[in-house]
Amino acid sequence: MKKISIIGAGTSGLAAGIRLQSQGFQCEIYEKNEAVGGRMYQIKEQGFTFDVGPTIVLMPKMYQELFEMSGVKSEDYIQMQLLEPMNTIHYPDSMALQISSNLPQFISQLESFSEKETAGYLAYLADVYDRYVRAKNVFLDISYRKPSEFYNFKTFHQLAKLRTLNNAYQSISSFVKEDKLRKALSFQTLYVGVSPFSGPSIYTIIPMIELLFGVWYIKGGMYQMAKAMERRFLELGGKIHLNRTVSEIVIEKGIAKGIKVSEQLIPSDIVLSNADFPWAMKNLIKERKNKGKYSDQKIDRMKYSSSAFIMYFGLSKKYQTTVHQIHFAKDFKKNIDQLFEGVIPEDPSYYLYSPTQIDLDLAPDGCEVLYVLVPVPSLHQTKLVWNNDAIQNLRRQILGRIKYIKGFEDIESHIIYEKIFTPETFRDLFNLQFGATFGLQPSFFQSLYFRPQATMKQVKNLYFVGSSNHPGAGVPIVLMSAKIVANEIMRDHV
Ligand SMILES: Cc1cc2nc3c(=O)[nH]c(=O)nc-3n(C[C@H](O)[C@H](O)[C@H](O)COP(=O)(O)OP(=O)(O)OC[C@H]3O[C@@H](n4cnc5c(N)ncnc54)[C@H](O)[C@@H]3O)c2cc1C
């Protein structure tokens, strides 16, 4: 039985572990933190339970498939429910748009703009669905080992049909004219840390995924997915070592031989790294010749996704709201430009998540959980320092804005628990290069074939999985990355 050492118990490390353990490999996961999950982490304090990172469940089939393929029923591990409405979008002029997963209901909202806009929206859905199917079947589900697997007529033909060079906002603008709708249908590129004004439009599939497949909620919060994966992995005979930091991937003559934990060599037939790819390249692979094209200079020059400033509030009062809410800045374009120019936006957009609207177990009686996320720049190429002044300024500014939401005027006097995460927290807790919460930015030249792959030509028996690898960030997408890497390992070793 071949032994695989997996570095990191993030979503994709656990998912790959389940797939490989089911196929007869012996997997052991070494995780630096005291609990599994990686960015899919949890804070449990004073009776409040917070999801730390991901909150929006898209593409539920990807979650379910992992359990089904390992021979069990997914509903015995995670209970999912469709959210209605999926989210509420608040504009600076106080208008609110509820995005419903119920088509007739959403159409009646759209008709309040105009029938022409409604027709444009439906045409947009058809266009983007076609692109989603193409992307999924031709690009997302495969691994690129040789240039010829990308540089060929079929790929370029499909790429042309995908119109990947447009940005999300442009792509939507050819279907709907109303600026409010354009924003509502393009801001979701921020879910993967990329600007809707410059990201390749393949990311317009994200709102489409929301609109056609719904936004779901996992009972107990997103962290239940991490716990469920941990449980399944252990049931299959896998082993997890917590609080164990890997300091090196040991490579001899171009072959991975194992990992080093506390100066001790752990011999392995296969090493699979779930640590963020640019961080792992810089820190775990010691010799230049084993890094291939990813020299330290190249890693520093690459583009990174945005990061997040998050306030986790435990409130001593119930508030009436929806589970997910987006609040747009007055000047959304300027907000996004500043975000990617490395400065804290003067007037940021922000996102609220309140799972206790539908899941009372996450807070004491009569209390509420509120997660407030402000997209901020990563620590790449910026002089930003997250000292106490910077943290308190942003806290004050955003709380000042929340207090203007009807019903939330008294929020400040009801905060009985709070914790704040900055890009520096994300960098240090999960070893994310430059604290970029979504890893390498999925710009055109860092997507598909150009993104780091599951395998490396220079080193045999070494594999990679996670957000900074192909196909990219987001829970369902890293679950795809886990499927790809498991297939690659089986291709080489079975
Ligand atoms: C704030 C935030 C909000 C998000 N919102 C959403 C959302 O709503 N929906 C969605 O689908 N996605 C969302 N995402 C993205 C999603 O969380 C990630 O894409 C996904 O969880 C990444 O999983 P991963 O396996 O690639 O990496 P990680 O979760 O980063 O796992 C890597 C693991 O490796 C460990 N590790 C690193 N170095 C070492 C070492 N040297 N030794 C041992 N262990 C090590 C880390 O501690 C970590 O546990 C969000 C992310 C963040 C941060």
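The figures that follow rest on heavy atoms only: side chains count, while hydrogens, waters and symmetry mates do not. Index from 1, following the sequence. As the structure lists them, so they are numbered: ligands from 1, and atoms in each ligand from 1.
Under the salt bridge (Lys or Arg N to Asp or Glu O under 4.0 Å) test applied with K282, the options D296, D276, D300 reduce to a single match, D300.
At the top of the distance list for atom 52 (C) of ligand 1, counting protein heavy atoms only, stands G53 CA, 4.0 Å. When hydrogens are left out, the protein atom nearest atom 32 (C) of ligand 1 is N274 O, 3.3 Å; that is the closest non-hydrogen contact. When only non-hydrogen protein atoms are considered, atom 44 (N) of ligand 1 lies nearest to K32 N, 3.1 Å. For atom 9 (N) of ligand 1, the nearest non-hydrogen atom of the protein is I56 O, 3.0 Å. Nearest to atom 39 (C) of ligand 1 among the protein's heavy atoms is N431 ND2, 3.6 Å. Taking atom 40 (C) of ligand 1 as the reference point, the nearest protein heavy-atom neighbour is V246 N, 3.8 Å. Looking only at heavy atoms of the protein, atom 19 (O) of ligand 1 is closest to G474 N, 2.9 Å. In terms of protein heavy-atom proximity, atom 28 (P) of ligand 1 is nearest to R39 NE, 3.6 Å.
In summary, the atoms of ligand 1 found under 4.0 Å from a heavy atom of G10, numbered by their order in the structure, are 25 (O), 29 (O), 31 (O), 33 (C), 49 (O). Residue contact check: S12 has heavy atoms under 4.0 Å from atoms 24 (P), 25 (O), 26 (O) of ligand 1. Which parts of ligand 1 touch Y371 is read off a 4.0 Å heavy-atom cut-off, strictly below it: atoms 1 (C), 3 (C). Close contacts of ligand 1 with P476, meaning ligand atoms under 4.0 Å from a residue heavy atom, involve 11 (O). Less than 4.0 angstrom separates some heavy atom of G466 from each of these atoms of ligand 1: 26 (O). With ligand atoms numbered from 1 in the order given, ligand 1 contributes 10 (C), 11 (O), 12 (N) to contacts under 4.0 Å with heavy atoms of V475. Ligand-side atoms of ligand 1 in range of Y30: 43 (C), 44 (N), range being under 4.0 angstrom from any heavy atom. Here is the list of ligand 1 atoms found below 4.0 Å of a heavy atom in T437: 53 (C).
Nearest-residue assignment for atom 49 (O) of ligand 1 (options M40, H324, E31; heavy-atom criterion): E31. Across the listed options P375, S273, P54, A275, P54 owns the non-hydrogen atom lying nearest to atom 6 (C) of ligand 1.
Residue contacts with ligand 1 leave out A482, since none of its heavy atoms falls under 4.0 Å from the ligand. In this structure, I310 has a heavy atom closer than 4.0 Å to ligand 1. Not a single heavy atom of F421 lies less than 4.0 angstrom from ligand 1.
Within 6.0 Å of the NZ atom in K460, the count of heavy atoms belonging to other residues, nucleotides or ligands does not exceed 12.
Here the two rings, on F213 and Y132, have centers that are under 6.0 Å apart.
Under the 4.5 Å side-chain criterion, counting only non-hydrogen atoms from C-beta, V376 is in contact with W386.
Cation-pi geometry between R231 and Y77 is met: the NZ or CZ atom falls under 6.0 Å from the ring centre, inside 45° of the normal.
Contacts of T11 with ligand 1, taken as heavy-atom pairs under 4.0 Å, involve both backbone and side chain. Contacts with ligand 1 closer than 4.0 Å are made by heavy atoms of both the backbone and the side chain of T55. Residue-level proximity to ligand 1 for F438 is carried by the side chain, the only part with a heavy atom below 4.0 angstrom. Using a 4.0 Å cut-off between heavy atoms, N33 contacts ligand 1 through its side chain alone, with no backbone atom that close. Proximity of V57 to ligand 1, defined as any heavy-atom pair under 4.0 Å, is not found for any part of the residue.
The ring-ring contact (aromatic ring centres under 6.0 Å, His included) check on F445 picks up F450, with sequence neighbours excluded.
The aromatic rings of F434 and H380 sit tilted relative to each other, their planes meeting at an angle between 30° and 60°. Using bins of under 30°, 30° to 60° and over 60° for the plane-to-plane angle, the ring pair F421/Y312 lands in the perpendicular bin. Ring geometry for H327 versus Y350: interplanar angle under 30°, hence parallel rather than tilted (30 to 60°). Between Y91 and F328, the ring planes are parallel. Angles under 30° get that label, and only those over 60° would be called perpendicular.
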Evaluation steps, side chain to side chain donor-acceptor pair (under 3.5 Å), between S349 and N335: CA-CA 7 Å; S349 302; N335 166 197; 2.7 Å; yes

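Ion pair D347/R401 flagged as a salt bridge, since at least one NZ, NE, NH1 or NH2 atom sits closer than 4.0 Å to an Asp/Glu carboxylate oxygen. Taking 4.0 Å as the cut-off between side-chain N and carboxylate O, R145 and D492 count as a salt-bridged pair.
The N/O atoms of S467, backbone and side chain alike, include one that comes under 3.5 Å of an N/O atom in ligand 1.
A distance of 5.5 Å separates CD1 in I7 from CG in L284, rounded to the nearest 0.5 Å.
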Without placing hydrogens or testing angles, list every side-chain donor-acceptor pair under 3.5 Å for residues 53-66, not counting sequence neighbours.
| residue | atom | partner | partner atom | Å |
| --- | --- | --- | --- | --- |
| T55 | OG1 | Y351 | OH | 2.6 |
| E65 | OE2 | R19 | NH2 | 3.2 |

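Although no hydrogens or angles enter the test, the distance criterion places a donor-acceptor pair under 3.5 Å between the side chain of K291 and the main chain of M281.
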